[in-house]
Structure formats: C-alpha cells, structure tokens
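The structure appears below as structure tokens.
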Amino acid sequence: MRVLAVGGGAREHAIVEALTRSGADVFACLKNRNPGISRTAKGHLLVDENDVPKVVEFARANRVELAVVGPEAPLELGLADGLEAAGIPTASPRKDAARLETSKSFMRDLLSKHRIKGSIKYAIVDDMKDLNDAFHELGTSIVVKPTGLTGGKGVKVAGEHLMTKEDIVAYCNEILSKRIGGSATVVLEEKLVGEEFTLQAFCDGKRVAPMPAVQDHKRAHEGDKGPNTGGMGSYSQGDGLLPFLKRPEYDAAVAIMDEVVEALRREGSEYHGAMYGQFMLTRDGPKIIEFNARFGDPEAMNVLSLLEGDFVRICAGMASGSVSKADVEFMRKASVCKYVVPEGYGTKSVAGEEILVDEAAIRSRGALLYYASVNEKDGKVYTTTSRSVGIVGIADSIDDAERIAEDGIGHVSGRIHVRHDIAKRAMLDAKVARMDRIRRGEI
Ligand code: AMP
Ligand code: GLY
C-alpha cells in the first residue's frame with residue numbers, strides 16, 4: 001500500500017519504519033532533511049508541513065491510499081480534513097477531534113460535561129476580572145496554561161515557575177494580553193501530586209486499543225532539573241505497566257480514554273488516530289494532565305519499536321473505523337529511548353553543528369536509531385535547535401534495555417547532550433519509593 005507520512009522528527013522516522021516493516025511504500029512530507037526518513041521512503045517532499053494544500057497535492061500526485069500525520073500543528077490547520085476531502089483515508093484526527101489537544105479549555109469542558117473519571121478541578125478565564133473567582137474556587141496551588149498550542153512551553157506551575165500569587169496574576173495577564181497559544185484564554189487547574197505516565201492508544205472512532213504505558217522525562221537535565229523540553233527520553237516495561245504503575249491503575253487510564261472517545265463520538269467529532277493521554281498517577285488513581293492528538297515523541301519510538309502487529313492494517317483500521325485487536329500485538333519486552341540533543345537544548349541549542357553518527361556501530365550494539373530534527377547535507381548530519389537522534393534499547397528488563405541504549409549513544413559524537421540518568425536503576429527505585437509514599441498519604 002502507498003502511505004503518506006507527515007513530519008520530520010524521530011517520531012515520524014519510527015512511524016515510517018513501522019509502516020515499511022508492514023510492507024508499505026512510504027511517501028513523506030517533511031521540513032528537514034531527515035536522513036532516516038528520506039532513505040526509507042519511496043519518495044519525499046521537503047515542504048512546510050503546515051501547508052495543507054501542498055501536502056494534499058503531493059499525496060494525490062503519488063496516489064497514496066492512506067495517510068498518517070505525526071505532529072499536531074497541521075492537524076489544527078485541518079490537514080486530516082483536507083486529505084479526507086481528497087479521498088485519502090487518514091489515520092489522524094480531523095480538526096474538530098484534534099481540539100482534544102489544540103484547545104485545553106475544550107478538553108476540560110468535554111471531560112466535565114461527560115463526567116469522565118480522572119477529571120480535575122479547573123477554571124477557564126478570559127477576563128482578568130474573573131480571576132478572583134477562580135482563586136476562590138481553586139486556591140493558589142494551581143497550574144496556569146494557555147488554552148492553545150505552545151509547543152510544550154506554555155505551562156507554569158505554582159511553587160515551581162510561579163512563586164507568589166502576584167506571579168500567577170502577572171502570567172495570566174501576559175497570556176491574555178499577548179494571546180499566548182493563539183487566543184486570549186487561560187486554563188487554571190488544581191496542581192496534582194504524583195508520578196506522570198503516558199498511555200497511547202489506537203482509536204477507530206468507537207474504541208481504543210491501548211499500547212504499553214511509557215514514562216517520558218521532560219526536564220533537560222539529570223535529576224529532573226532544568227527547563228521543560230519536548231522530552232529527553234522514555235522507557236517502558238515488558239508487561240506494559242511501569243515499575244510504579246499497577247494493573248488496575250493502567251486499566252483505569254484505558255477506561256478513561258475509552259470514555260473520551262465515546263464522548264467525542266457523541267459530540268459528533270469521531271476520533272480516528274493515535275491518542276496520547278498524559279496522566280498523573282495520584283493517591284486517588286490516574287488523573288488527566290493533557291491529551292495529545294498524535295503519538296508522543298519520544299514515546300512513539302518505544303511503542304512502535306515493540307509493535308509486532310501489522311502497523312499498516314492498524315492505521316487503515318483507525319481511518320476506516322475498525323481496528324482489529326488481533327493486529328495490536330507488542331513484544332513483551334522493555335524499551336528505553338534516550339535522546340541525543342544539541343548542547344544547550346531547552347535554553348539555546350547549538351544549531352547547525354555537525355554530529356557523527358556511527359550507524360553500523362550502533363546497530364552492532366543491538367540498539368535502534370531514529371533520526372530527529374537534523375539535516376543531512378553531502379552525507380553529513382547537522383543539528384537544528386530541536387532534538388537530534390533517538391537511540392532505543394530493547395531487552396527483557398529495563399536495566400538491560402538501558403545498557404543497550406547507552407552503548408548505542410557511545411557511537412554518537414559532537415556538541416551533544418544526553419540525560420544518562422533516564423531509566424537507570426537508582427531513578428526507577430526512587431520513583432517506586434516516592435509513589436509508595438504518595439499512596440500512603442505521606443506526600
Ligand atoms: P503539559 O505541557 O500540559 O504537558 O504540561 C507540562 C508539565 O506541567 C507536565 O508534564 C506536568 O509536569 C506539569 N503539569 C501540567 N498540568 C499539571 C497539573 N494539573 N498538576 C501538576 N502538574 C501539571
Ligand atoms: N512526549 C511529549 C509529547 O509528545 O508531547
């Protein structure tokens with residue numbers, strides 16, 4: 001089958017590899033010269049991924065029969081709608097369903113209207129004079145978010161980024177006056193305490209088929225310090241759970257995602273595509289932090305590297321309205337993904353620097369390699385301001401997978417930065433101990 005894949009990061013490289021493994025001829029639209037994608041695809045176009053008419057034209061010209069969109073920005077601009085209008089079944093949500101990610105106020109109101117478990121206290125403010133009512137209702141132990149997309153950089157947490165009530169007021173004012181995230185609306189939420197995890201699911205409009213749970217690490221530096229980033233690395237466990245996440249808690253998160261898909265269907269916005277739930281595991285079970293209308297990055301590298309089922313059939317099923325559970329099979333192995341990023345990533349990346357990636361050596365250590373936001377020129381690989389290469393280890397235990405990923409990383413060099421602490425035993429044990437204390441009510 002001829003399949004369109006949109007996007008040029010490591011998430012999309014993983015998507016392209018999984019499609020190709022399942023027999024597809026892939027045609028890719030991407031803005032950077034990602035050597036992993038351009039080499040694997042049968043054809044590709046360097047293009048602004050948000051240019052809906054150009055992407056649709058490329059898809060038509062290459063007679064693609066199915067499409068998958070990696071990033072969220074083109075979904076907000078109606079790329080899935082445009083592809084479907086051109087008769088191309090698309091395994092990514094249309095603009096109205098993608099509001100689950102693109103409008104945090106829509107998401108919170110949907111959960112509240114349909115009384116979905118995992119909802120939290122929130123207030124939507126679009127006028128400064130309503131802020132006091134929100135404080136009255138929520139207190140000041142809160143999280144402040146612009147409603148729209150900000151590339152993961154708009155969320156500020158009281159006690160971390162906002163130290164006083166005055167800071168909260170000032171940030172709300174800034175969001176409203178500068179229309180941060182594209183509109184003058186602020187979402188205030190109660191601040192949750194717990195351990196975060198990601199649950200992704202294949203959705204066909206009616207049901208969800210869940211994938212293994214993953215934990216991402218957003219902070220740029222070891223020990224979860226430094227600025228928030230797109231994600232520095234992630235791991236998953238062989239049984240689909242996480243060291244601190246128990247089966248009933250995983251099941252509760254799946255049930256929440258099922259309810260969300262049903263709520264969207266009832267609202268007339270059927271959700272077709274991968275859905276990403278970011279949860280906080282609290283003393284009272286999993287609570288929703290946010291939803292994304294796509295695979296996670298890096299989380300896609302974990303789950304798609306483990307996928308044994310036929311990804312093309314799964315995508316066709318998501319688009320057409322029936323994913324067969326028989327296709328959704330994952331290896332019962334652990335995965336660890338670590339991102340190699342440019343020095344300074346999260347604050348000021350050193351972009352345009354050459355990095356050396358010894359692909360043969362990485363493979364010989366048993367690691368997988370996914371190129372991210374890099375550019376290839378004359379056989380050399382150059383950084384951009386974003387993440388560079390994802391290295392994945394797969395093994396029976398998280399510890400072994402972590403060692404394989406580290407072995408692979410040893411064969412990437414240049415002005416790079418890596419969080420070596422991700423998925424190391426000390427960190428995993430600390431998370432389990434912390435979650436136990438939360439469950440006992442000690443934190
Ligand atoms: P987001 O961009 O929505 O993923 O948020 C970025 C980070 O802010 C998350 O990974 C959480 O660590 C934190 N965060 C967001 N919402 C909440 C919340 N309601 N309570 C506690 N932390 C939150
Ligand atoms: N890993 C975070 C994201 O994909 O949004």
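As the structure lists them, so they are numbered: ligands from 1, and atoms in each ligand from 1.
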Under 4.0 Å from a heavy atom of [X]: which atoms of ligand 2 are those, numbered in the order shown and with their elements?
X	answer
Asp216	1 (N), 2 (C)
Arg294	3 (C), 4 (O), 5 (O)
Gly230	1 (N), 2 (C)
Gly296	4 (O)

Quick one: look up the protein heavy atom nearest [atom] and list residue, atom name and how far away it is.
atom	value
atom 2 (C) of ligand 2	Tyr276 OH, 3.3 Å
atom 14 (N) of ligand 1	Ile289 CG2, 4.1 Å
atom 13 (C) of ligand 1	Val157 CG2, 4.3 Å
atom 20 (N) of ligand 1	Leu192 N, 2.8 Å
atom 2 (O) of ligand 1	Val155 CG2, 3.3 Å
atom 22 (N) of ligand 1	Met280 CE, 3.8 Å

Ligand 1-proximal atoms of [X], by part, heavy-atom distance under 4.0 Å:
X	value
Glu196	side chain
Val193	neither
Val143	side chain

Worksheet item: Using the ring of each side chain (for Trp, its six-membered ring), is Phe279 parallel, tilted or perpendicular to Phe197, with breaks at 30° and 60°?
Response: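 Geometry flag for Phe197 against Phe279: parallel rings.
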Worksheet entry | Parallel, tilted or perpendicular: rings of Phe311 and Phe202 (30°, 60°) |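 It falls in the tilted class, 30° to 60°.
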Practice prompt. Could you tell me if any non-hydrogen atom of Glu190 lies under 4.0 Å from any atom of ligand 1?
Written response: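 Right, Glu190 reaches ligand 1.
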Practice prompt. Return a yes/no value for Lys218: is any of its N or O atoms, backbone included, closer than 3.5 angstrom to an N or O of ligand 1?
Written response: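 Yes: some nitrogen or oxygen of Lys218 is under 3.5 Å from one in ligand 1.
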Region of [X] engaging ligand 2 - heavy atom pairs below 4.0 Å:
X	result
Arg11	neither
Glu299	side chain
Thr198	neither

Discussion item. Among Glu101, Glu290, Lys145, which one puts a heavy atom closest to atom 16 (N) of ligand 1?
Written reply: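 Heavy atom nearest to atom 16 (N) of ligand 1 belongs to Lys145.
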Practice prompt. Please determine if Lys218 has a nitrogen or oxygen closer than 3.5 Å to a nitrogen or oxygen of ligand 2.
Written response: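 No - when backbone and side-chain N and O of Lys218 are compared with those of ligand 2, no distance drops under 3.5 Å.
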Worksheet entry | Cation-pi geometry met for Arg11 and Phe295 (6.0 Å, 45°) |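 No, a cation-pi geometry is absent between Arg11 and Phe295.
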Item to complete: Would you check if Pro342 and Ile416 make a side-chain contact, meaning some heavy-atom pair closer than 4.5 Å?
Response: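 No - every pair of side-chain heavy atoms lies 4.5 Å or more apart.
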Discussion item. Just so I know, are the side chains of Leu199 and Met211 near enough to count as touching, which here means a heavy-atom distance under 4.5 Å?
Written reply: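 They are not in contact (no side-chain heavy atoms under 4.5 Å apart), so the answer is no.
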Item to complete: Could you check Lys104, Arg108, Lys121 and say which one makes a salt bridge (Lys or Arg N to Asp or Glu O under 4.0 Å) with Glu189?
Response: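 That would be Arg108.
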